[in-house]
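What follows is one structure encoded as structure tokens, with my remarks underneath.
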Amino acid sequence: MKKILLSLLIVILLSGCAQLNLDVPSSSNNNEDSTPFTSNGDMIVAHFIDVGQGDANFIELPTGEVMLIDAGTSGYGDDIIDYIQNLGYTDIDYVVATHPHADHIGGMAEVIESFDVGSIYMPKAVTTSKTYENLLETIQDKNLSIHTGKEGVEVYSSDDLTIEMLAPVSSSYSNLNNYSIVLKITYGDVSFLYTGDAEEENLSEITMDLSSDVLKVGHHGSDTSTTKEFLEGVSPSYAVISVGEGNSYGHPAESTIKLLEGYTNNIYRTDLNGTVVISSDGVNIDVKSER
Ligand SMILES: [Zn+2]
């Protein structure tokens with residue numbers, strides 16, 4: 001027990017050290033007079049990292065903690081590690097694997113090996129791929145445990161910041177994509193919705209409040225994910241599609257782009273825009289992209 005307390009203390013001390021880098025991101029905070037949430041570094045900065053055909057979303061929370069949702073294919077592990085280290089972080093407080101497909105967990109073992117990791121969330125989905133087994137072994141080797149990600153799981157909650165899971169709602173699906181954790185981060189008046197590769201079946205089961213300003217579009221913009229009904233619930237002002245240039249799946253679908261355009265013209269694509277960074281002080285939203 002003493003040992004546990006001691007390591008807990010060390011973890012707290014270490015993660016304390018990692019919180020010095022809060023204002024590293026490039027967000028231009030020039031709206032200081034308009035929001036009660038702005039006090040220098042009190043920003044949320046969401047990085048939609050360009051990892052070709054895959055997802056890697058890194059989020060600097062206003063608490064100073066950071067979260068990684070997915071880690072691209074195995075070929076992008078190093079790039080993701082470099083990206084996070086260049087922001088000045090040595091710890092990742094929360095790691096979320098939306099679902100165990102190689103374009104989401106491929107680089108994750110490498111990332112977990114390279115950082116001090118706090119909590120890991122994964123859906124209760126089983127697959128026998130080498131990539132998945134390798135990830136589980138890495139997690140075990142680092143003596144980390146896996147928290148089950150599903151509807152209603154609260155990752156963080158305070159007056160002005162909540163991180164909660166809206167899906168998966170059911171416990172079994174025939175398509176692995178539908179196990180995708182759908183996660184909503186709300187800071188002040190601004191919400192970000194991350195959908196992994198959730199298909200229509202998963203998204204249509206959600207009963208919690210979907211409304212969000214920023215939508216990480218499901219399944220790389222596939223027409224099997226985003227529906228009219230879903231977008232009615234979300235009503236996004238900004239949409240980001242994480243997708244590889246010239247991918248063989250035809251992502252994103254023209255029909256998905258059309259549906260999104262019914263809500264916003266602020267549609268960003270990692271194949272066209274490179275890495276996209278969206279920051280907010282809890283009221284205003286600022287977007288920067290690589291190109
Ligand atoms: Zn995917």
Side-chain angles (χ1 to χ4, degrees), residues 46-59 67-77 79-80 83 95-112 120-136 149 165-168 173-183 192-204 206 214-227 230 234 239-257 259-260 267-276:
H47 304 256
F48 301 85
I49 306 171
D50 178 14
V51 290
Q53 183 71 9
D55 274 19
N57 308 134
F58 183 69
I59 303 124
M67 171 181 265
L68 179 70
I69 304 173
D70 291 339
T73 52
S74 59
Y76 282 94
D79 291 347
I80 295 168
Y83 190 96
V95 171
V96 178
T98 60
H99 67 297
H101 269 157
D103 58 324
H104 296 253
I105 61 161
M108 197 168 273
E110 224 178 317
V111 171
I112 289 172
I120 299 180
Y121 291 86
M122 294 171 82
K124 237 190 177 84
V126 178
T127 178
T128 53
S129 73
K130 192 83 202 115
T131 311
Y132 184 56
E133 281 169 11
N134 182 34
L135 173 58
L136 295 183
M165 294 184 186
L166 280 49
Y173 298 95
S174 56
N175 182 340
L176 203 57
N177 283 343
N178 278 321
Y179 286 93
S180 287
I181 291 172
V182 176
L183 182 137
F192 295 73
L193 189 65
Y194 293 89
T195 53
D197 278 357
E199 306 280 7
E200 182 177 355
E201 185 181 356
N202 166 314
L203 299 176
S204 66
I206 295 173
V214 181
L215 171 65
K216 198 297 291 180
V217 178
H219 196 189
H220 320 287
S222 157
D223 62 2
T224 55
S225 175
T226 307
T227 63
F230 173 70
V234 181
V240 183
I241 302 173
S242 196
V243 67
E245 191 180 348
N247 68 82
S248 58
Y249 307 96
H251 295 159
E254 196 51 51
S255 58
T256 302
I257 303 283
L259 281 174
L260 289 166
I267 300 169
Y268 296 85
R269 298 168 47 163
T270 57
D271 59 341
L272 302 178
N273 302 106
T275 294
V276 178

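When a ligand or atom number is given, it counts from 1 through the structure's own listing order. Here, residue 1 is the first one in the sequence, and each next residue gets the next number.
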Can you give the angle D103 OD2 - the Zn ion (ligand 1) - D197 OD2, rounded to 10°?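 Between OD2 of D103 and OD2 of D197, at the Zn ion (ligand 1), the angle is about 150°.
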So that I can check it, does any N, O or S atom in [X] come closer than 2.8 Å to the Zn ion (ligand 1)?
X    : answer
H220 : yes
H101 : no
D55  : no

Test item: side-chain donor near acceptor, H220 and D103, under 3.5 Å: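 Yes, a side-chain donor-acceptor pair sits under 3.5 Å.
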Give a yes or no on whether the ring-centroid distance for H101 and H219 is below 6.0 angstrom.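 No, the ring centres sit 6.0 Å or more apart.
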If you take the centroid of each ring, where Trp contributes its six-membered ring, are Y83 and H47 closer together than 6.0 Å?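 H47 vs Y83: aromatic centres under 6.0 Å.
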Flag, side chain of N247 to backbone of G244, donor-acceptor distance under 3.5 Å: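 Side chain of N247 to backbone of G244: a pair is present.
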